[in-house]
Amino acid sequence: MVTNVIAALLVLAILGLVFGLILAVASKVFEVKTDPRFPEIMDCLPGANCGGCGYAGCSAAANAIIEGKAAVNCCPVGGAEAAEKIAAIMGVEAASGEREIAHVICNGGTAAKKKFEYIGVQDCLGAMKVGGNGPLECAYGCLGFGSCVKACAFDAIKIGENGVPVVDPDKCTDCMQCAAACPRNIIVSVPVSKKVFVECANKQKGAAATKVCANACIGCGLCVKECKFDAIHVVDNVAVIDYAKCKNCKMCTKVCPKDAIAPIPTKEEKEKYKAMKKAQAEKKAAAAKDAAEAKAAEEAAAKAADAAEAAAPAEEAK
Amino acid sequence: MEMLTSIFAISLGAILTNNFVLSQFLGICPFMGVSKKIDTALGMGAAVTFVMGIASLVTFFIQHLILEPMGLEYMQTVAFILVIASLVQFIEMFLQKSVPSLYTALGVFLPLITTNCAVLGVSINNVSYGYSLIESVVYGVTGGLGFMLAIVLFASIRERLEFADCPKSFEGIPLAMVTAGLMALAFMGFSGLQVW
């Protein structure tokens, strides 16, 4: 009995040993040299294989980085931290790209007029197929059935209070899966530090846009005039912010007659702004008046002087 | 002549009548996993055929030269798993060095042959059917060919199914499962084939 057990143990142990030796030899004989940076870069990448970088998973991205096809900061999920580490491995400087997050450019929600009540499959693409472009009068607005919410692997986008999805800036990794899922194409990438958004994508003319949605941008251009940094422009009847120039001053939000630029100012803020503007205008007017008065006085004085000069020779003549 | 007949019978049985995947339901994991494209399916089939052939050869010697003389037939399964695992490891290294394209195509599924029960099934069937050395190797290779036939047929069906208009809930694996079931049903038609 005991000998049986020992024999079995020995046989298997020896078999294992022999195969182990063969494998050890084979690993030397068939050794393939891989780039030592590959596993290091893989360690820096998140490993979620989300495809946000445009490559088929993290290992493909790592290969592309090693081959120089992809930038060290190509991973939007890993962000600046991963970019820095990878840059250190690759021996290059990381371009300090600011983290970007997704943003939904629509604030229609409950304010958008509906053509009909849609009660089909709760999915934006499904809703789009019904009644020619879906249940909304606005052909650009968010349908609010949450296709983006379902597409998000990071639980970062939720339908907000007024029926429009809101992105959680802490959780969003800018993988843009939500943008791919959105049939309206109204989800864009914006730098995380920027706080001002034109919340409308409607390209219709002002009157038509107002007709379909109470919150629509009418392309009036007041914001364009107000902006001191040349950062907002009306393109195709809708205001668009150039985030390279925007300084978060929020002046455009206050002049917008349709409250289409977020963060939407409160009434007090608007009053305050109006008062400030009025004060500024008064000051300006007063300054202008003063200047005019001063000028008039100067002119009068000059005239008087002229008159005096003219009078003097006459007196001398007398 | 008798030898030839028996080899023919074994081949026919392993490829069609007792197909490893569709009649014995062994090796389902790679059958589902690597059957999305015909190219990779062919590669996987070739790898399995190769491993099954060599495994039959090696396990024959392990069985008859080591286990039987020592009276350790009951250690069969453990010993065979050991052999197959090292064999697959070896083949993986070999492929990575010599055929990198096949290595990348097979990806994670190559190590999965380690746990591919079709390979273990071949080795154990060889013993229980009492096959000779030549018969064992033939059974192993033709069993692998049968696997290749099944997986390539399956992959070509799945490639077409990609474009089929089917309910969202059936897309991908569920539809593949149904297809596999139907294929198994079709292969039952071969069970009438008998060569003795």
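Being a predicted model, the structure only gives us computed values, none of them experimental. Each chain gets a letter, A, B and so on, in the order the sequences are listed, and its residues count up from 1.
- In terms of heavy-atom proximity, B:Glu135 sits nearest to B:Ser6 at OE2-OG, 3.0 Å.
- Between chain B and the options A:Ile22, A:Asn4, A:Leu15, the largest number of non-hydrogen pairs under 4.5 Å is found for A:Leu15.
- Minimum heavy-atom separation, B:Ile84 to B:Ser123: CD1-OG, 4.1 Å.
- Aromatic ring orientation, B:His64 versus B:Phe60: tilted (interplanar angle from 30° to 60°).
- Heavy atoms closer than 4.5 Å to chain A are found in the side chain of B:Ile62, but not in its backbone.
- When each of A:Gly20, A:Ala7, A:Ala8 is scored by its heavy-atom pairs under 4.5 Å with chain B, the top score falls to A:Ala8.
- Interface summary for chain A: among B:Leu87, B:Val83, B:Ile66, B:Val78, the most heavy-atom pairs under 4.5 angstrom belong to B:Val83.
- In this structure the side chain of A:Val190 never reaches within 4.5 angstrom of the side chain of A:Glu100, judged on heavy atoms.
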